[in-house]
Structure formats: C-alpha cells, structure tokens
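Notes follow the structure.
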Amino acid sequence: THHIEELPTTFYRAKPDGAAVRKALSNDPEQLTALPTTGKVQVPLRDLPDRIKVPGGLPPHLIIRFDRFISKADQKRLRKRWDDVLASGALHYSGKHANRSANDTAFHFGIWEVTASKPYLTAETRHQTPEAIKAIDALLKYIGDFVAGKIGSVFETHAPQQWEAMQRAYQRVQTLLAAELLARPSLDFGGAFFAVAVKEGGSGLVHIDWHDCHAIWAFVFAVGDWEGGEFCAPELGIKIPIRPGQVFAVLARVVAHFSAPVTEGRRIVFTCFTDSLTVLHANPDLLTVVA
C-alpha cells in the first residue's frame with residue numbers, strides 16, 4: 001500500500017485544458033519514485049490526513065494494481081486478435097488528441113456519449129469494412145469473455161457503490177441500444193465498462209482523461225514483451241509498472257498521468273473505460289462528486 005498526503009485536486013474541478021496540465025506538471029519519469037514491479041499495489045483515499053476533505057462518491061482507492069490477472073494464454077490470444085485488427089485495415093476516425101503524443105494512434109471501440117444526450121457506437125466501431133468489423137468484434141468478444149467478467153468482479157468487490165452506478169448505466173444503455181447490442185453482442189461488457197481504447201506504446205504527454213467520470217475507474221492492461229512504459233503520476237510523485245498479466249485501475253479524470261517511454265520491445269495497451277455522460281445520465285446524483 002502506498003500512502004499519499006494530498007489528494008490531487010489541482011485540476012479536479014477545472015475545465016478541460018491539456019496545455020495547463022502540461023505547463024503545471026513535470027513530464028520526466030526520472031523524478032518519480034518507482035513502486036514495486038510485482039504484487040498488488042493500492043493507493044487508498046481513506047488514510048489521507050484529517051485536514052483533507054475527500055469528495056463524496058469517490059471509490060476507496062485512487063489506484064489499484066492487480067497481479068496475475070490475465071493468463072499468458074489469454075495475452076497471446078489478445079495479441080493475435082489485435083494483429084488481426086491491424087491486418088484488416090481498420091480505419092482511424094478519432095484523430096490526434098491534443099492531450100496525447102504525436103504518434104498516439106489509439107483506436108476507440110465500443111459505446112460512449114462524450115457530448116451527446118444518448119449513447120452511441122464510436123465511429124471506429126461503426127465505420128469500417130466488413131472484414132475490419134469482423135476482426136474488431138473478435139477482439140472485443142475475447143475481452144468480453146475473458147477479461148470483462150474479472151474486471152466486474154474486482155469492481156464490485158472494491159467499489160460496490162460505484163459498481164451499482166455502473167449497473168444503472170448498463171441498464172440504460174441496454175434499453176437505448178437494444179438493436180445495436182443484438183446485432184453486435186461483442187459490445188456488451190456486462191456494465192464493467194463500455195469502451196476500449198487500444199494502441200501500441202503509450203501516452204507520453206502528461207494529461208487528464210477529461211471525458212472520464214471522477215468516480216469511475218478506468219482499467220488498463222498491456223500485452224507483449226517490453227521494457228519501460230510505467231504509469232507515471234507526477235502529482236503523486238510515483239511511477240507504477242504495468243507488466244504482462246497485470247490490470248491497473250485508476251481514476252483517470254482525477255489523477256494526471258503519462259507513460260514513461262517504452263525503451264524496448266512491443267507494448268499493446270488496452271484501456272477499458274466509461275465516459276462521464278454515460279454514467280451521469282443514469283446517475284444524476286453523481287454530479288455532486290464534482291460540485
């Protein structure tokens with residue numbers, strides 16, 4: 001367990017401004033304390049000093065890393081299915097994000113709302129050739145079958161209040177997108193998350209995931225064989241390795257972060273997340289978390 005003395009609040013209520021984050025925080029992983037490579041890592045909120053007021057609605061931890069979560073066989077099969085997506089010629093539509101590195105070419109698959117009033121399939125999920133859709137669905141189905149259930153289990157165990165909120169969001173999405181989910185059942189992750197970002201390497205610029213919900217974890221895991229790529233949190237003064245087989249839960253809207261350079265090998269990163277409006281439209285009471 002890693003104890004912190006301050007809650008990272010510099011940008012907690014701030015409007016999205018990637019330039020301000022980069023100006024305020026260091027992008028140098030060498031300045032950060034490295035936490036252990038193996039074993040469970042927790043950054044709890046309950047042990048903060050009494051003078052720190054933790055907003056209601058947050059889960060008990062800012063960060064949890066789970067060890068031995070994804071088997072070697074499943075890692076190999078995920079890598080194969082990702083290679084199939086690349087071979088299919090799947091097209092990018094999201095464009096370069098202002099918060100991310102110039103070479104960031106993440107795909108965003110699944111369901112989100114972002115700035116809409118109802119959930120919808122991301123462009124990179126919908127606007128593809130039949131061959132690419134087949135490959136994308138095979139990748140997402142594997143994540144749904146062999147990863148999502150485990151994530152849901154630890155979510156429910158470690159953050160039951162937030163899990164209930166996710167299940168309300170799931171019921172709403174099932175109602176509004178019944179036809180889409182029937183046509184493409186691979187997009188149904190049981191309410192553990194609603195979208196998956198996939199890329200190679202990492203996000204080298206310090207940033208906040210502005211569209212995430214303050215109270216809901218994003219779950220990150222990687223497959224491949226690489227060196228480097230630690231999760232770096234400059235406000236917390238730490239960097240945390242994410243090695244093959246591990247899954248990393250983080251409040252990505254609260255904790256500013258970036259990835260240390262991948263110095264060797266190939267690293268395929270999967271970020272399982274839910275955008276803020278998908279949660280808040282089903283749980284208006286969570287608006288008080290950012291009030």
Side-chain angles (χ1 to χ4, degrees), residues 69-95 97 104-114 116 118-153 155 166-167 169-201 209 211-212 216-224 244-245 247 266-275 277-279:
F69 201 91
I70 301 175
S71 72
K72 289 183 178 180
D74 286 338
Q75 294 171 49
K76 182 177 180 180
R77 291 165 185 149
L78 285 164
R79 180 171 177 168
K80 170 63 168 61
R81 283 158 177 77
W82 169 244
D83 285 338
D84 290 345
V85 171
L86 297 179
S88 75
L91 300 174
H92 280 284
Y93 290 94
S94 298
H97 196 293
D104 182 0
T105 54
F107 282 91
H108 295 82
F109 301 130
I111 293 165
W112 60 17
E113 296 193 31
V114 186
K118 294 181 180 180
Y120 60 94
L121 275 59
T122 71
E124 290 170 328
T125 306
R126 289 179 289 134
H127 301 312
Q128 303 286 359
T129 65
E131 180 184 3
I133 288 175
K134 181 179 179 181
I136 291 165
D137 283 352
L139 173 65
L140 298 182
K141 184 178 187 302
Y142 203 88
I143 293 172
D145 288 347
F146 295 98
V147 181
K150 293 181 181 180
I151 287 177
S153 179
F155 205 150
M166 289 292 285
Q167 290 304 295
Y170 180 46
Q171 292 171 6
R172 177 173 174 269
V173 167
Q174 284 184 305
T175 299
L176 294 176
L177 295 182
E180 290 86 345
L181 291 172
L182 182 63
R184 296 183 68 178
S186 65
L187 302 177
D188 186 340
F189 302 111
F193 49 87
F194 293 89
V196 181
V198 194
K199 63 187 170 193
E200 303 212 16
D209 292 351
H211 287 300
D212 281 20
I216 300 298
W217 286 320
F219 291 84
V220 183
F221 62 91
V223 302
V247 164
R266 186 183 186 198
R267 179 178 186 257
I268 305 160
V269 186
F270 298 80
T271 301
C272 304
F273 70 99
T274 302
D275 79 283
L277 290 184
T278 299
V279 180

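- With hydrogens and angles disregarded, a donor-acceptor distance shorter than 3.5 Å links the side chain of T125 to the backbone of G110.
- Taking the six-membered ring for Trp and the full ring otherwise, the centers of F219 and F155 sit less than 6.0 Å from each other.
- The distance from the OH atom of Y170 to the OG1 atom of T278 is 14.0 Å, given to the nearest 0.5 Å.
- To the nearest 0.5 Å, atom CG of residue D137 and atom CZ of residue R81 are 12.5 Å apart.
- Using a 4.5 Å heavy-atom threshold, the side chains of F69 and I151 count as touching.
- Checking F189, W217, F194, F193 one by one against C272, the side chain to side chain contact (heavy atoms under 4.5 Å, CB included) holds for a single residue, F193.
- Looking only at distances, a side-chain donor or acceptor of R267 sits under 3.5 Å from a matching main-chain atom of G201.
- The OH atom of Y120 sits 8.5 Å away from atom CD of E113, with the distance rounded to the nearest 0.5 Å.
- In this structure, the separation between CD1 on I268 and CG on D83 is 6.0 Å, given to the nearest 0.5 Å.
- A donor-acceptor pair is defined here as one N or O able to donate and one able to accept, closer than 3.5 Å; no such pair exists between the side chain of D209 and the backbone of H211.
- Taking CD of E180 as the start and CG of L121 as the end, the distance is 6.0 Å to the nearest 0.5 Å.
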Task: V196/T271 under side chain to side chain contact (heavy atoms under 4.5 Å, CB included): CA gap, chis, key distance, verdict - done: CA-CA 5 Å; V196 181; T271 301; over 6 Å; no
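- Under the 6.0 Å cut-off for aromatic ring centres, F270 and F221 qualify, their centroids lying closer than that.
- Looking at L139 and L78, their side chains come closer than 4.5 Å, going by heavy atoms from C-beta outward.
- Taken to the nearest 0.5 Å, the OG atom of S88 stands 7.0 Å off from the CD atom of Q128.
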